[in-house]
Amino acid sequence: MKNIEQWIWLDSEVYPDFQRCRCTSFDKDGDKTYCVAEFKKTVKSDKNINKAKIRISGDTLYELYINGKFIGNGPAAAGGDYGDTNGTVWHYADLREAVIDKNEAELFIRVQLSPVSMTEISTGLGGVFAEIELQYDDGESETILTDETWLARLNRSYNKPYSFDGNIKADMWLNAKMQNGTRKIKDAPIPCLDYTIIYPDNMQKILVHAGETKEITLEFDKIYSASLALIIETDGCIINADVIEFGDVHSGEEQIIACEDMEYYGIEYHSMGAYTLKITNYGVKTTTILPAARFQRYPVTQSGKFNCSDEKLNDIYNVCKWTLEICRQTLHLDSPKHQEPLACTGDYYIESLMTAFTFGDMRLSELDIMRTADEIIHHNGKMFHTTYSLIWLQMILDVYKFTGNRELIIYCKDAMVTLLNLFSTYIGENRLVDNPPDYMFVDWVVADGHSMHHPPKALGQTVLNAFYYNGLIVAAQLAEIIGENELQEKYTLDAEMHKKAFNEILFDSEKGLYFDGLNTPVEPSFWLPQNIEGRYFSKHANILSVLCGLCEGEKAKTIIEKVMSEKFITELQPYFMHYLFEALKKTGLYEKYAMNELRRWSVMTDACKKGLQEGWIKPQEDYSFDHSHAWGGTPAYQLPEAITGFKMLEAGFKKISLTPNLFDLDFADVSIPTPCGYIVCKLKKGEKPIIIIPDGIDCEVNYEKL
């Protein structure tokens, strides 16, 4: 490809009101102009066109069709931070291929103006570009660019988000106009999404007679990241679709008014476990509808396996793995229902570890890391979730361990320095992080009437300081890997000083626990409540103090034993359980506690096997959990890692060790995807284990746990 970006849009003289829009859905005061524009061009040849290589991007969302066939949508998400009303520095172009096998290519692109979901980010200016290389059977090729020879129209049937009115006709075709907005474009280093038409369990052709209204609910076997797909035969009907995730949790609504036969595919996707269609036939003929959905996900080329003698653990693994699959779009999502942007690093970090043991392709995690680096630079270090920006550092290190990609660390170095420089301004005279803008995020729970989403200082300071210490330690490791010796020495020294202050100030020797924060006053703001009196002790603060290495040996082990046996101010949600499991490993207590703790997930999977519930403790009475939240899916990582005893000894699977362990199980069969093939571990009580290591991986196997 020649990387030529010629953006086109609707003629501004004909459509002056459909040129600009807000940059993100968080902008409540910006231009909320919404429209759907369509562009087409037909290329005919006396030779057979074999296939097309395509480079394409749209602002905000596009769909591409060739010869009437849906090729895909995009572009890959730009990233963005929660609450940000401005655009990102970079936008992404998708690289696609399509088989044509005809002497004609009808190129059709549908483009949305204005963000609808939180992950959609605009430059504030409508547009689309495509560079399409048509390859002929004789080996010759021709490049088609978007330009003013393309035809364009406003399709007024899409009159607002999630609404299609076929009675409002599309405008006539006019020539497109070149669009001169400036955009910085990168090619997305990930594959384009896969699309599959799926059908409900009780799939049937729905018949609605003239003058009749019929309502029907159609269930899917799982929760899918999917858009509506309806084949409609009618001369006039109104369809109101209520998309349901699970139970009484609704994901969204759409209205389709059809006045003739059509195939309807929703532009936006939902978290879809079922949908209810209310169909009113106002025509004279019987309306028939074939209901389906278009499922979209990041491509799956490898798929790990976990199967054991405990069916509840099998269900837990499978539900966690499936939920991860529907959250893997062009970035990792918290869930397809919420579709939050890059702010949710805590989610992405756990999902990256889950991915390493289930699907193996780490390119999406690498891109999440790089997009976050871009955001950190763009915002001078400040991200919405203060703790999550520190978790980003750990994510870089862990993803590097699975890929061996030093270039990832080099790409992130400036952002790492920017982030830690900002945090150095939060250090008080007591040498702790003492005056940050907030203490979020800890966990989705309430402690003594205070939300741990954005807790007061007395409930959040220790957690933030533990993550900061870990960030310094990890930054020193990252600096060492890329040969930045001065940075390594600086962050190591900063960490030593911070550890000393942390233990002097935040450890309660009488209780033998770390307390949650100081009672010193703060200047409150929207996300930082007024500080409170009292000394609080949470599991969260003590787990992280151990996990991050702020205490060691018997002291650390004693603290985790207290976490497991004593009552604290609040419990842990499934998200934070990940850190508990890692602390159990660090203190040698994993074998004692882990399997019983992992079985706690059966409360959620027994209630819903279609997707993973967001948590097991409602953070507030009026809050409805979604059932598609992969942040609580750590069992999909913990189970295969625990049974195999996997450890990465040299990054990129150059050298690993396995210490197989059946725990309390009778048998277990695990497959872990790697770039070299699958690591297979089959264990059965009383029988010799079967261990298969792919060529190219140096492996040490220790049988001491069997």
Side-chain angles (χ1 to χ4, degrees), residues 24 26-29 81-86 340 343-346 375-393 415 417-472 494 497-508 514-538 540-541 544-545 548 550 569-570 619-620:
T24 78
F26 296 104
D27 186 356
K28 305 305 179 187
D29 300 320
D81 194 8
Y82 187 89
D84 195 352
T85 58
N86 298 312
E340 293 192 0
C344 292
T345 317
E375 286 296 308
I376 288 171
I377 293 291
H378 185 47
H379 294 288
N380 297 314
K382 179 70 176 76
M383 296 288 283
F384 177 76
H385 287 116
T386 314
T387 61
Y388 275 7
S389 59
L390 295 167
I391 293 171
W392 171 74
L393 295 167
V417 172
T418 300
L419 175 67
L420 291 175
N421 283 348
L422 176 66
F423 266 83
S424 71
T425 67
Y426 302 155
I427 303 295
E429 293 181 1
N430 57 10
R431 293 171 294 154
L432 294 177
V433 177
D434 203 49
N435 59 342
D438 55 67
Y439 292 94
M440 63 181 180
F441 167 86
V442 178
D443 201 358
W444 198 216
V445 288
V446 173
D448 196 26
H450 302 279
S451 172
M452 297 294 276
H453 176 282
H454 49 282
K457 183 176 184 177
L459 280 167
Q461 186 178 22
T462 301
V463 165
L464 181 57
N465 274 269
F467 277 129
Y468 176 60
Y469 173 76
N470 187 69
L472 291 170
D494 288 350
M497 294 173 59
H498 190 267
K499 182 176 183 177
K500 187 172 185 294
F502 187 96
N503 281 284
E504 286 174 354
I505 297 170
L506 296 173
F507 186 70
D508 187 312
Y514 293 91
F515 61 93
D516 285 7
L518 300 171
N519 303 116
T520 48
V522 301
E523 186 68 36
S525 60
F526 189 83
W527 294 111
L528 178 62
Q530 179 64 60
N531 205 5
I532 54 176
E533 295 299 320
R535 178 165 286 192
Y536 293 91
F537 296 86
S538 71
H540 302 79
L544 288 179
S545 298
C548 297
L550 287 152
I569 189 172
T570 187
Q620 54 202 51

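Values in this document were obtained by computation on a predicted structure and should not be read as measured data.
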Problem - Contact check, side chains of Leu464 and Phe423, non-hydrogen atoms, under 4.5 Å - result: yes

Exercise for the section: Kindly indicate whether the side chain of Glu504, heavy atoms from C-beta on, has any atom under 4.5 Å from the side chain of Asn430. Expected result: no

Main chain of [Y], side chain of [X]: is a donor-acceptor contact present, judged purely on distance under 3.5 Å?
X      : Y      : answer
Asn531 : Thr520 : yes
Asn503 : Leu550 : yes
Asp81  : Phe384 : yes
Thr418 : Asn380 : no
Asp443 : Val445 : no
Asp516 : Ser538 : yes

For [X] and [Y], work out which heavy atoms get closest and say how close.
X      : Y      : result
Leu518 : Lys457 : O-CG, 3.8 Å
Trp527 : His454 : O-CB, 3.4 Å
Ala458 : Asn519 : CB-ND2, 3.6 Å
Tyr439 : Asn435 : OH-N, 4.4 Å
Pro455 : Pro529 : O-CD, 3.7 Å
Met497 : Arg431 : O-NH1, 4.2 Å

Exercise for the section: List the steps, then state whether side chain to side chain contact (heavy atoms under 4.5 Å, CB included) holds for Ser545 with Phe507. Expected result: CA-CA 10 Å; Ser545 298; Phe507 186 70; over 6 Å; no

Practice task
Compute whether any side-chain donor of one residue and acceptor of the other, for His379 and Asp84, lie under 3.5 angstrom apart.
Solution key: yes

Problem - Donor-acceptor pair between Asp434 and Gln461 side chains, under 3.5 angstrom - result: yes

Problem - Test of ring centre spacing under 6.0 Å for His385 and His453 - result: yes

Practice task
Verify the ring-centre separation between Tyr82 and Phe26: is it less than 6.0 angstrom?
Solution key: yes

Would you give the length of the straight line joining atom [atom1] of [X] to atom [atom2] of [Y], rounded to the nearest 0.5 angstrom?
X      : Y      : atom1 : atom2 : answer
Leu390 : Leu419 : CG    : CG    : 5.5 Å
Leu420 : Leu393 : CG    : CG    : 5.5 Å
Asn465 : Leu506 : CG    : CG    : 6.0 Å
Asp494 : Lys499 : CG    : NZ    : 15.0 Å
Trp392 : Thr345 : CH2   : OG1   : 9.5 Å
Gln530 : Glu523 : CD    : CD    : 8.0 Å

Exercise for the section: Could you check Val433 against Ile427 for side chain to side chain contact (heavy atoms under 4.5 Å, CB included), going step by step and ending with a plain yes or no? Expected result: CA-CA 4 Å; Val433 177; Ile427 303 295; 3.7 Å; yes

Practice task
Output, in order, the C-alpha distance, side-chain angles, deciding distance and verdict of side chain to side chain contact (heavy atoms under 4.5 Å, CB included) for Ile569 and Phe537.
Solution key: CA-CA 7 Å; Ile569 189 172; Phe537 296 86; over 6 Å; no

Handout entry: Passing candidate, ring-ring contact (aromatic ring centres under 6.0 Å, His included) with Phe502, options Tyr514, Tyr468, Phe467, Tyr469
Key =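 The single option meeting the ring-ring contact (aromatic ring centres under 6.0 Å, His included) with Phe502 is Tyr514.
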
